[in-house]
Participant: 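Let me give you the structure first, and then I'll get to my questions.
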Amino acid sequence: MWVVMNGSSAVHWFRKGLRLHDNPALLDAVKNPATRYVLPVFCLDPVFLQPELVGVNRIQFLLECLQDLDRQLRQRRSRLFVLRGDPLEQFPAFFRRYKTTLLTYEFDTEPYAKHRDERVRQLCTDLGIDVRTRATHTLYDPELVRCKLGERPTPLTYKSFYSFVTGTLGRPPASMPAPTTADDDIHTPDIELDAYKVPTLAELRAYDGLSVTTSFRGGETEALAIMERFLTERQADVRAFSKPQTSPTAWPKASTTQLSPYFKFGCLSPRLFIERVQELHPLEEPPVSLIGQIWWREFFTYVAYVTPNFHQMRGNRICRQISWREDRDDPLYRAWEEARTGYPWIDACMTQLRKEGWLHHLARHAVACFLTRGDLWVSWERGRETFDRLLVDADYSLNSANWLWLSCSAFFHQYYRVYSPIGFPQKYDPNGDFVRHFLPVLREMPAKYIYTPWEAPLAVQRKAHCIIGEDYPSPIVDHATASRENMERMRKAVSESGPQRPPKRKRDDTGASTSSPIP
DNA sequence: AAGTATGTTGGTCTC
DNA sequence: TGAGACCAACATACT
């Protein structure tokens with residue numbers, strides 16, 4: 001096929017921000033007067049196509065997002081062009097072929113993305129291509145927040161961040177509409193090369209044959225529908241929403257919005273979301289409200305953006321340095337990851353994570369506390385890696401921040417508050433329906449022993465067709481003993497490391513000595 | 001400078 | 001059965 005291009009093109013590069021609504025960078029490409037064509041592009045970077053790093057459920061979700069984008073673009077007489085390979089290798093030929101003079105994309109705060117984007121920007125400079133970016137993954141442009149903060153230290157509490165940002169920047173910018181479906185809005189050349197089609201999972205070599213187990217379906221269309229359903233059909237839940245009071249054992253009808261995977265990929269704009277919530281419920285207030293959840297995302301994304309090595313302990317200036325068990329082959333870590341700790345609550349959560357690629361916030365707390373400071377003393381980085389692979393909503397900033405939090409490495413410090421793998425779920429689900437659902441082997445265990453099956457008399461185990469140590473594992477540690485010992489370890493680590501204050505930035509101290517009084 | 005209130009979401013015991 | 005006291009006691013922000 002030979003396509004004649006009479007005129008130059010603007011390329012909009014989708015990475016996150018997989019949506020048409022509230023996508024100003026896309027509008028920049030569409031409305032650019034100097035270019036005749038718009039080419040919406042997504043690059044399947046092999047760096048992300050490794051099953052041992054990114055699980056099959058998230059890749060399938062991504063492909064569905066791309067299919068939805070393609071469908072929606074076709075309704076506007078355009079289409080999505082999927083390039084396969086490293087963007088740095090794919091772009092030069094693509095840009096040349098389609099006479100590209102403008103590249104637009106959404107700004108990304110993650111370290112890999114920052115490095116990649118710098119190199120792409122350099123490539124564009126070399127080729128004489130203009131680059132325009134917009135920061136729309138969060139409510140505010142993180143770079144703007146950094147400028148406003150100036151020499152002040154990074155706010156390390158939610159409240160200080162929230163009051164600084166709202167006090168300095170006021171309300172976030174309003175969301176923008178999607179490009180219209182009018183015939184003349186997006187001009188995309190009529191190119192139907194198979195090479196640019198959205199691939200199926202089987203067409204991605206590394207994922208061929210792996211089975212998708214999540215019930216999440218990707219895409220902007222799905223995201224908008226779920227949001228509208230939640231806000232209109234569950235108004236009482238919206239009003240009463242308080243994260244700590246939602247139930248971690250509610251499944252399949254979860255007590256929260258289930259929108260996290262869509263926010264991760266940018267299928268849904270956080271600005272649009274808070275606008276819709278405020279239209280329907282004007283009195284919503286952070287921090288535990290529905291809108292508060294968006295602010296936590298804002299806060300953690302910002303701190304991750306300005307903190308080098310945020311995803312690890314070493315070289316991370318806000319992370320407490322602790323001698324965790326770090327071995328990836330550690331049997332305790334493997335048992336946790338593979339849902340065979342012998343604690344039904346923990347194993348049920350890990351099974352839900354492996355199957356659905358999603359866990360309620362408090363369930364994440366429970367398994368994170370168990371792996372790290374609570375019971376197993378395994379490095380939070382191992383847990384972060386597992387979540388990163390298995391969660392459909394895995395996000396560099398939020399995932400790292402929450403692991404820092406739960407392991408008392410940063411943000412949260414009250415290490416003597418330990419989640420019990422027995423008492424905690426009992427509060428929400430005394431009968432253990434959640435455990436029975438995800439661990440069918442325990443289905444017939446009486447409620448009295450559902451969280452402590454090893455305490456059931458042998459006769460009870462026999463009757464329940466579940467012998468502990470044979471059909472279901474014995475506990476790998478004793479919670480009472482392990483948590484007591486670990487709390488003592490934490491106490492030592494805290495007293496040895498002292499306050500976790502980031503080194504004070506150099507202040508302009510001219511005149512400090514002259515103005516200071518006599519000592 | 002020291003003192004105090006607060007921190008998105010704990011556990012256990014008592015009444 | 002649910003609310004409140006107490007446990008054991010850190011970091012941060014603000015006064």
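Chain identifiers are assigned alphabetically (A, B, ...) following the order of the sequence lines, protein sequences preceding nucleic acid strands; residue numbering begins at 1 within each chain.
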Participant: Can you check whether A/Trp251 and A/Trp358 have ring centres sitting under 6.0 Å from each other?
Facilitator: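 Yes, ring centres under 6.0 Å apart.
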
Participant: In whole Å, I'd like the distance from the CG atom of A/Leu406 to the P atom of B/dG10.
Facilitator: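 In whole Å, B/dG10 P and A/Leu406 CG are 11 Å from each other.
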
Participant: Could you state the atom-to-atom distance from NZ of A/Lys492 to C1' of C/dA9 in whole Å?
Facilitator: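 It works out to 17 Å between those atoms.
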
Participant: Can you name the one residue among A/Asp108, A/Thr138, A/Thr154, A/Thr109 that meets side-chain contact (heavy atoms from CB on, under 4.5 Å) with A/Tyr305?
Facilitator: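 Running side-chain contact (heavy atoms from CB on, under 4.5 Å) over A/Asp108, A/Thr138, A/Thr154, A/Thr109 with A/Tyr305 returns exactly one hit, A/Thr109.
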
Participant: Between A/Asn57, A/Val56, A/Leu390, A/Leu391, which is the residue that forms a side-chain contact (heavy atoms from CB on, under 4.5 Å) with A/Thr214?
Facilitator: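 Per the side-chain contact (heavy atoms from CB on, under 4.5 Å) rule, the option paired with A/Thr214 is A/Asn57, out of A/Asn57, A/Val56, A/Leu390, A/Leu391.
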
Participant: Could you please name the option among B/dG10, C/dA11, B/dT8 that lies closest to any side-chain atom of A/Arg320?
Facilitator: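 Closest nucleotide among those given: C/dA11.
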
Participant: Can you tell me which residue among A/Arg116, A/Arg15, A/His115, A/Lys16 is in a side chain to side chain donor-acceptor pair (under 3.5 Å) with A/Glu110?
Facilitator: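 When A/Arg116, A/Arg15, A/His115, A/Lys16 are each tested with A/Glu110, the side chain to side chain donor-acceptor pair (under 3.5 Å) holds only for A/Lys16.
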
Participant: Grab the CE-C1' distance between A/Met487 and B/dT12 for me, whole Å please.
Facilitator: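 From A/Met487 CE to B/dT12 C1': 12 Å.
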
Participant: A/Arg417 has an atom CZ; how far is it from atom C1' of B/dG7, in whole Å?
Facilitator: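 A/Arg417 atom CZ is separated from B/dG7 atom C1' by 8 Å.
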
Participant: Is A/Tyr451 close to A/Pro425 at the side-chain level, that is, under 4.5 Å between some pair of heavy atoms?
Facilitator: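 Counting from C-beta outward, A/Pro425 and A/Tyr451 do come under 4.5 Å.
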
Participant: In whole angstrom, what separates A/Phe412's CZ from B/dT9's P?
Facilitator: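 The answer, rounded to whole Å, is 6 Å.
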
Participant: Kindly point out which of B/dT8, B/dG11, C/dA13 is positioned nearest to the side chain of A/Ser160?
Facilitator: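 Of the candidates, C/dA13 comes closest.
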
Participant: Need the pair for B/dT8. Rule: Watson-Crick or G-U wobble, both distances under 3.5 Å, any strand; none if unpaired.
Facilitator: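 B/dT8 is unpaired by these criteria.
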
Participant: The side chain of A/Thr157 is closest to which nucleotide in this list: B/dT9, C/dA13, C/dC10?
Facilitator: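 Nucleotide nearest to A/Thr157's side chain: C/dA13.
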
Participant: State which of B/dT9, C/dA11, B/dG11 makes the closest approach to the side chain of A/His361.
Facilitator: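 Output: B/dT9.
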
Participant: Using OP1 and OP2 only, check whether a side-chain N or O of A/Lys427 sits under 4.0 Å from B/dG11.
Facilitator: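 Yes.
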
Participant: Given C/dA9, B/dT9, B/dG11, which nucleotide is nearest the side-chain atoms of A/Arg491?
Facilitator: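 Among C/dA9, B/dT9, B/dG11, the one nearest the side chain of A/Arg491 is C/dA9.
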
Participant: Pick the C1' atom in C/dA9 and in B/dT4, then give their distance to the nearest Å.
Facilitator: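 Straight-line distance between the two C1' atoms is 15 Å.
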
Participant: Is there a Watson-Crick or G-U wobble partner for B/dT14 with both distances under 3.5 Å, and which nucleotide is it?
Facilitator: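 With both distances under 3.5 Å, B/dT14 matches C/dA3.
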
Participant: In whole angstrom, what separates A/Trp295's CH2 from B/dG7's C1'?
Facilitator: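 Those two atoms, CH2 and C1', are 19 Å apart.
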
Participant: Round to a whole Å and report the spacing from CH2 of A/Trp296 to P of B/dG7.
Facilitator: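 One finds 10 Å between P of B/dG7 and CH2 of A/Trp296, rounded.
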
Participant: Rounded to the nearest Å, what distance is computed from the CG atom of residue A/Leu362 to the P atom of nucleotide B/dT8?
Facilitator: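 Spelled out: CG on A/Leu362 to P on B/dT8 is 15 Å.
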
